[in-house]
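Let me begin by handing over the structure; questions about it come next.
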Amino acid sequence: MDESTVTSRSQMLYERAKMVLPGGVNSPVRAFQPYPFFVEKAKGPRLYSVDGQSYIDYCMAYGALILGHAHEQVIEAIAEQLKNGTVYGAPTELEIRFAELIRSIYPSMEMLRLVNSGTEATMHAIRAARGFTGRKKIIKFEGCFHGSHDSVLVKAGSGAAWFGTPSSQGVPEETARNTIVLPYNDFSAIEETFRHEGSEIAAVIIEPVIANSGLILPAKGYLEHLRKLTNNYGAVLIFDEIVTGFRVALGGCQEYYGVKPDMTTLGKIMGGGLPIAAFGGRKEVMQNISPMGGVYQAGTFSGNPISVTAGYTAVKFLVENKNQIYPELESTCKKLAAALVDLSTDRGVEAQVNSLASMFQIFFTSKPILNYATAKHSNTQKFYRYFMELLRNGVFVPPSQFETCFLSTSHSPNDVENTIEAFDKALAAVADGR
Ligand SMILES: Cc1ncc(COP(=O)(O)O)c(C=O)c1O
């Protein structure tokens with residue numbers, strides 16, 4: 001079959017999209033060369049393109065869909081709620097129920113507020129921390145991505161790293177100056193920074209497991225180290241669990257590693273496929289949020305009943321089935337990660353594979369990936385070859401080395417077998433330099 005004919009509709013749509021949307025997309029990592037496939041529909045583990053192709057999806061909307069696409073219970077709940085209206089501009093009992101459910105899973109979030117995106121959640125969490133401490137500076141880590149607002153677009157991961165703009169234009173120098181960027185997993189760098197500037201630091205924000213520079217795990221004792229330092233210097237420790245929440249474990253990294261942050265941001269999975277996020281934490285911090293206190297935060301669509309219904313249904317499903325879901329996902333993920341290790345060895349391809357829970361990523365380099373600097377050593381041309389060959393074989397992974405692959409409960413053993421076959425072909429293509 002002639003590939004150019006098969007995908008021509010996507011190509012046409014991409015040309016049209018570029019005339020009206022910057023880069024033809026509404027979020028940068030969706031754009032890849034020569035052109036992305038355009039989606040018609042999705043169900044379970046599969047995306048169906050406008051060209052009549054289908055792909056086993058390991059992007060899962062960048063981790064948002066742990067139950068797969070168009071999960072029946074979630075869709076039914078949304079359809080039911082739609083009949084009663086989509087946004088009220090007045091509170092509902094649903095919002096309380098959802099907030100109580102989240103707090104029961106994340107007890108560190110004594111109070112929380114619902115917002116519409118992860119970007120909003122981290123922006124407001126940082127403002128709340130600054131308001132609470134009366135300090136300006138924050139510490140973030142190289143290669144962590146916390147959304148696209150000024151304070152955190154300094155040496156950021158995800159698309160910012162992929163497209164060579166980790167520190168964005170348009171962020172005032174005065175703002176960037178208040179963001180101290182440190183290497184992840186470096187115990188002494190942060191100790192040193194606190195020793196010199198401790199009294200000025202409002203917050204430390206971190207992806208406790210980095211999912212935006214590929215997948216990078218914390219060194220033993222590193223999160224505990226951050227907890228101790230922030231306690232000693234009165235800084236607010238913010239765990240950005242927008243990816244890891246409901247993913248690394250039901251209760252996220254804080255449950256998995258047993259480290260309790262002062263504040264947490266959640267998003268992605270908590271929306272059941274619809275846009276919603278949350279920030280929350282210690283009562284003393286959250287009580288400063290308007291109208292209780294002087295830290296302003298607001299949103300027309302915050303806590304809208306459609307997103308809340310989708311999120312509540314998905315999270316409740318996870319709670320009720322957690323003993324089955326999380327161990328099964330982990331075992332499938334281990335199988336995929338082990339296959340990548342074995343196949344790359346067999347093919348003579350130098351690679352590192354990091355995985356945890358239902359997340360994994362391959363890096364084309366000979367050295368272990370411990371932080372952003374080591375991730376940057378990966379051969380991105382090889383990654384592109386791997387990505388394109390997977391696509392040709394019906395498997396879609398995020399099109400960037402600096403992203404992570406995600407499993408869902410909808411991936412069947414048969415999907416996994418097909419994926420492993422595609423891995424082999426993709427690694428053969430990398431080995432051949434095709
Ligand atoms: C860890 C993390 N924080 C924040 C965000 C921003 O979330 P959103 O895209 O919903 O604004 C992302 C998005 O990928 C993320 O991965």
Side-chain angles (χ1 to χ4, degrees), residues 25-31 58-66 106 113-127 129 138 140-163 166 168 179 181 184 203-218 223 237-248 252-254 261 263-280 297 299 301-302 304 307 310-311 314 356-359 361 372 375 397-406:
V25 287
N26 280 309
S27 196
V29 280
R30 291 179 203 164
Y58 291 93
C59 178
M60 282 286 144
Y62 290 89
L65 298 166
I66 199 168
Y106 291 82
R113 189 159 268 183
L114 299 175
V115 292
N116 303 297
S117 70
T119 294
E120 277 183 61
T122 61
M123 182 174 75
H124 295 311
I126 289 169
R127 187 180 307 136
I138 62 162
K140 79 173 280 289
F141 298 89
E142 216 177 354
C144 283
F145 181 69
H146 302 293
S148 44
H149 58 91
D150 288 2
S151 289
V152 291
L153 277 181
V154 187
K155 294 199 178 170
S158 187
W162 185 242
F163 293 109
S168 174
T179 301
V181 184
Y184 179 81
V204 173
I205 184 164
I206 187 165
E207 288 183 78
V209 166
I210 301 185
N212 284 293
S213 290
L215 183 71
I216 309 180
L217 308 185
L223 299 175
L237 179 61
I238 306 172
F239 275 6
D240 178 354
E241 298 233 43
I242 283 162
V243 170
T244 56
F246 310 101
R247 170 75 63 187
V248 166
C253 285
Q254 49 202 279
M263 295 193 78
T264 300
T265 54
L266 296 170
K268 305 221 184 219
I269 290 175
M270 75 166 268
L274 262 67
I276 196 166
F279 70 101
Q297 186 280 327
F301 289 95
S302 294
N304 74 76
S307 293
L356 179 72
S358 52
M359 306 187 282
Q361 182 59 301
Y372 180 68
V397 297
S400 153
Q401 175 69 89
F402 304 115
E403 300 292 343
T404 290
C405 296
F406 298 97

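Read the numbers this way: they start at 1 and go in the same order the structure lists the ligands and their atoms. A quick note: this is a predicted structure, and the numbers were derived from the prediction, not measured. Computation of the quantities below employed the complete heavy-atom set of this structure, encompassing side-chain atoms and omitting hydrogens, waters and symmetry-equivalent molecules.
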Angle class for the Tyr184/Phe141 ring planes (parallel below 30°, perpendicular above 60°, tilted otherwise)?
perpendicular
Does any N or O in the side chain of Gln254 come within less than 3.5 Å of the main-chain N or O of Pro261, such that one atom is a donor and the other an acceptor?
no
Ignoring hydrogens, what is the shortest heavy-atom contact between Ser151 and Thr179? Give both atom names and the distance.
O-OG1, 2.7 Å
Once the angle between the rings of Phe246 and Tyr106 is folded into 0 to 90°, is it parallel (under 30°), tilted (30 to 60°) or perpendicular (over 60°)?
perpendicular
Between Arg127 and Gln297, a side-chain donor and acceptor under 3.5 Å:
no
From Asn212 CG over to His146 NE2, what is the distance, rounded to the nearest 0.5 angstrom?
8.5 Å
Output for ligand 1, non-hydrogen cut-off under 4.0 Å, lists Ser117, Gly118, Thr119, Phe145, His146, Gly147, Glu207, Asn212, Asp240, Ile242, Val243, Lys268
